[in-house]
K.L.:
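Take a look at this one; I'll ask things after.
The chain is numbered in sequence order, starting from 1. Every value quoted in this text rests on a predicted model; they were computed, and no experiment measured them.
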Amino acid sequence: MSYLKSWVDSANSASTDFPLNNLPYGVFSIGNEAPRCGVAIGEHVLDVAAVESQGLLSIGDSPLCQDACWNPLMALGKDSWALFRERLTALLSEGSAEQDRLQEHLYPLADAQMHMPFTVTEFTDFYAGRHHATNVGTMFRGAENALPPNWLHIPIGYNGRASSVVVSGTDVRRPWGQLKGPDQELPAFMPSRRFDLELEMGAIVGSASNGPVSVDEADAMIFGYVLLNDWSARDIQAWEYQPLGPFQAKATATTISPWIVTSAALEAFRVSTPEREFELLPHLKDTGPMLYDIDLTVTLAPQDKPATTIASTNYREMYYSAAQQLAHHSTSGCPMRTGDLLGSGTISGPETSMRGSLLELSWGGKEPLTLDSGETRSFLEDGDTLTLHGHAQGDGFRIGFGDCAGTLVPALDDPYAR
């Protein structure tokens, strides 16, 4: 992908997350004004709701950007997405005849309050990173039985809670739940003591389906991607997950970055999935490069302390792509809807520094991390702020997602005390 130049000067910096090549979609507000659809460009956000209302961004008979979400555009499909992006690119390109009319609709990103960029219809989380699955399986079942028998044949997943997906910057409260230690005869109801992060990518379904879809059809259905932290209460999960899997341990919150980076913006960064130990069945076979070369980092900042980078990895480390996850999701005939969110599963790499959760980084709490502040962590403490960062590096530009951040606040007093 060649570098594109904009009349918005800050979009031409090699260090910006939001060059003209990106044009991610978000929902923002300024002061007490109502939230509306916007596009990040350099150090600014373009009010596309206002631009559309002036007739500068029309691609059909009906308005697409007047609701405070991107679902109307998402539902139209790939051809309409391409037309919309093409028109936006032309408006913001160097030499655009519409520059003067657009200037009044640019706002500094520093002044913008970000909101959920789309309405989440359903949320499905996968367990599709081999390094993560191997690490966790080794801890609990030993290296010989680390991966369950089905893992190399299907992307394992579970249905999560769309209602608790929140945008970056939203505080996350430590949850209560049933806990039972190995030396306890009976469980107790108490706040989680082993609360954790999970470094993931989220794929957003645009085009709806009704019935099984192929991997290529699934790939064309994906509107874009966000960074995703699927917060996890490991001690609640350890007690509840047998035999059906995570439930309340994952229901507290899932944080996403505020900008939807479109599949089109990432097209030049496609990479192949890893070699297969077993050939996948035909409906899940790789049909080309389906992953993306996206560098990912996690920082942890204790309250009023500087942040420490605790993990650095890459989305290319996944074993299954989002398109394969989506195709698998549809095999039973399950309809997929506009706004469905698919979590990739924790993205870890082969090195210790590439592990995408504290469960792995501290090896179940046995090997605590030392932060730059001198403090140690096995799991999260109240006041800790976790921030995920991600970008794809081009030739002289980068495609960034904006931060995906959340601060852990103390548990409520016993919610059932009377």
Side-chain angles (χ1 to χ4, degrees), residues 125-141 146 168 171-175 177 179 181 190-201 227-241 246 248-256 296-303 305-314 317 343-390 403-411:
D125 191 45
F126 286 88
Y127 184 58
R130 184 166 186 174
H131 299 293
H132 171 70
T134 299
N135 288 336
V136 173
T138 298
M139 272 185 260
F140 294 106
R141 294 184 296 274
S168 177
D171 287 344
V172 173
R173 189 170 294 281
R174 184 182 296 274
L179 316 181
M190 58 193 301
S192 170
R193 294 175 293 186
R194 293 164 67 93
F195 201 60
D196 199 359
L197 77 136
E198 288 189 341
L199 167 60
E200 303 191 24
M201 295 289 297
L227 304 178
L228 187 150
N229 181 358
D230 196 30
W231 305 84
S232 298
R234 304 297 184 187
D235 39 8
I236 296 174
Q237 184 174 350
W239 172 238
E240 75 176 5
Y241 87 103
Q248 291 304 98
K250 301 277 193 161
T252 300
T254 298
T255 303
I256 64 169
L296 301 165
T297 59
V298 182
T299 62
L300 190 160
Q303 187 169 4
K305 301 285 179 63
T308 300
T309 298
I310 61 171
S312 299
T313 186
N314 193 291
E317 296 292 342
S344 63
T346 304
I347 306 168
S348 297
E351 307 298 329
T352 301
S353 62
M354 300 173 74
R355 295 172 179 170
S357 67
L358 282 171
L359 176 67
E360 298 167 85
L361 287 164
S362 72
W363 207 250
K366 297 177 182 177
E367 302 171 9
L369 282 74
T370 300
L371 307 178
D372 292 347
S373 64
E375 300 174 58
T376 60
R377 288 290 185 277
S378 294
F379 294 95
L380 298 174
E381 297 189 6
D382 294 344
D384 287 349
T385 297
L386 269 294
T387 307
L388 314 186
H389 315 263
D403 292 346
C404 176
T407 299
L408 181 62
V409 298

K.L.:
Specify whether Tyr127 and His132 have parallel, tilted or perpendicular ring planes, treating 30° as the upper limit for parallel and 60° as the lower limit for perpendicular.
P.N.:
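The rings of Tyr127 and His132 stand perpendicular, inter-plane angle above 60°.
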K.L.:
Please assess Glu198 against Arg234 for the test salt bridge (charged side-chain N to carboxylate O under 4.0 Å, His left out), listing each intermediate value before the final yes or no.
P.N.:
CA-CA 11 Å; Glu198 288 189 341; Arg234 304 297 184 187; 3.0 Å; yes
K.L.:
side-chain contact (heavy atoms from CB on, under 4.5 Å) between Met139 and Trp363: does it pass, once the steps are laid out?
P.N.:
CA-CA 7 Å; Met139 272 185 260; Trp363 207 250; 3.5 Å; yes
K.L.:
For Leu371 and Pro302, which heavy atoms make the closest approach, and how far apart are they?
P.N.:
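So the minimum-distance heavy-atom pair works out to CD1-CG, 3.7 Å.
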K.L.:
Assess whether side-chain contact (heavy atoms from CB on, under 4.5 Å) is satisfied between Leu199 and Asn229, documenting all intermediate values.
P.N.:
CA-CA 5 Å; Leu199 167 60; Asn229 181 358; over 6 Å; no
K.L.:
Any idea which heavy atoms bring Ser373 and Thr308 closest together, and the distance?
P.N.:
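Taking Ser373 first and Thr308 second, the nearest heavy atoms are N-OG1, 4.5 Å.
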K.L.:
Between Ser312 (side chain only) and Thr297 (backbone N and O only), is there a donor and an acceptor less than 3.5 Å apart?
P.N.:
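The answer is no, because no donor-acceptor pair under 3.5 Å joins these two groups.
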K.L.:
Quick check: closest heavy atoms across Pro246 and Glu240, and the distance to 0.1 Å?
P.N.:
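So the two residues come closest at C-OE2, 3.8 Å.
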K.L.:
Check for a donor-acceptor pair, side chain of Thr299 on one end and backbone N or O of Ala307 on the other, with a separation under 3.5 Å.
P.N.:
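Flag not set: sc Thr299 to bb Ala307 has no pair under 3.5 Å.
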K.L.:
Sub-3.5 Å donor-acceptor pair from the side chain of Glu200 to the main-chain atoms of Leu227, do we have one?
P.N.:
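Between the backbone of Leu227 and the side chain of Glu200 there is no qualifying donor-acceptor contact (under 3.5 Å).
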K.L.:
Which value, rounded to the nearest 0.5 Å, describes the distance between Thr252 atom OG1 and Leu408 atom CG?
P.N.:
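Here the interatomic distance stands at 9.5 Å.
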K.L.:
Would a distance-only check, ignoring hydrogens and angles, find a side-chain to backbone donor-acceptor pair under 3.5 Å from Asp384 to Glu381?
P.N.:
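Looks like yes, one N/O pair under 3.5 Å.
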K.L.:
Quick check: does any side chain N or O of Asp196 sit under 3.5 Å from a backbone N or O of Leu358, one acting as donor and the other as acceptor?
P.N.:
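Pair found, side chain donor or acceptor close to backbone of Leu358.
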K.L.:
State whether a side-chain donor-acceptor pair under 3.5 Å links Ser378 with Ser362.
P.N.:
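No.
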K.L.:
Strictly distance-based, threshold 3.5 Å: is any side-chain N or O of Thr376 a donor or acceptor partner for the main-chain N or O of Leu369?
P.N.:
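Checking the backbone N and O of Leu369 against the side chain of Thr376, no donor-acceptor pair under 3.5 Å is found.
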K.L.:
First locate atom OG1 of Thr387, then atom CG of Leu197, and finally report the distance between them rounded to the nearest 0.5 Å.
P.N.:
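If I round to the nearest 0.5 Å, the distance is 10.5 Å.
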K.L.:
To the nearest 0.5 Å, how far apart are CG in Asp125 and OG in Ser232?
P.N.:
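Between Asp125 CG and Ser232 OG, I get 7.5 Å after rounding to 0.5 Å.
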K.L.:
Please check this pair: side chain of Ser344 against backbone of Met201, looking for a donor-acceptor N/O pair closer than 3.5 Å.
P.N.:
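Flag set: sc Ser344 to bb Met201 pair under 3.5 Å.
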K.L.:
Can you tell if the side chain of Leu388 reaches within under 4.5 Å of the side chain of Asp403, non-hydrogen atoms only?
P.N.:
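Leu388 does not reach Asp403 side chain to side chain.
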K.L.:
Looking at every heavy atom in both Arg174 and Pro191, which two are closest together, and how far apart are they?
P.N.:
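Taking every non-hydrogen atom into account, CD-CB, 4.2 Å.
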K.L.:
Kindly determine whether Leu300 and Thr385 satisfy side-chain contact (heavy atoms from CB on, under 4.5 Å), including the steps that lead there.
P.N.:
CA-CA 6 Å; Leu300 190 160; Thr385 297; over 6 Å; no
K.L.:
Can you tell me how far apart CD (Glu367) and CG (Leu361) are? Round to the nearest 0.5 Å.
P.N.:
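Rounded to the nearest 0.5 Å, the CD-CG separation comes out at 10.0 Å.
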K.L.:
Rounded to the nearest 0.5 Å, how far apart are NE2 of His131 and OG1 of Thr346?
P.N.:
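If we round to the nearest 0.5 Å, His131:NE2 and Thr346:OG1 are 13.0 Å apart.
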K.L.:
Verify the neighbour count for atom CZ of Arg173: are there more than 12 heavy atoms of other residues, nucleotides or ligands below 6.0 Å?
P.N.:
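Yes.
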K.L.:
Could you please spell out the steps behind the side-chain contact (heavy atoms from CB on, under 4.5 Å) verdict for Val136 and Leu359?
P.N.:
CA-CA 8 Å; Val136 173; Leu359 176 67; 3.9 Å; yes
K.L.:
Side chains of Asp235 and Ser192: do they bring a donor and an acceptor to under 3.5 Å?
P.N.:
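There is such a pair between these side chains.
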K.L.:
Between the side chains of Glu360 and Ser348, is a donor N or O closer than 3.5 angstrom to an acceptor N or O?
P.N.:
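The answer is yes; a qualifying pair exists.
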K.L.:
I want to check something: taking the side chain as every heavy atom from C-beta on, are His389 and Leu296 in contact at a cut-off of under 4.5 Å?
P.N.:
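They are not in side-chain contact.
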K.L.:
Roughly how far, to the nearest 0.5 Å, is CZ of Phe195 from CG of Asp382?
P.N.:
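Nearest 0.5 Å value for the CG-CZ distance: 10.0 Å.
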K.L.:
Just by distance, with hydrogens left out, do Thr254 and Asp230 show a side-chain donor and acceptor under 3.5 Å apart?
P.N.:
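The answer is yes; a qualifying pair exists.
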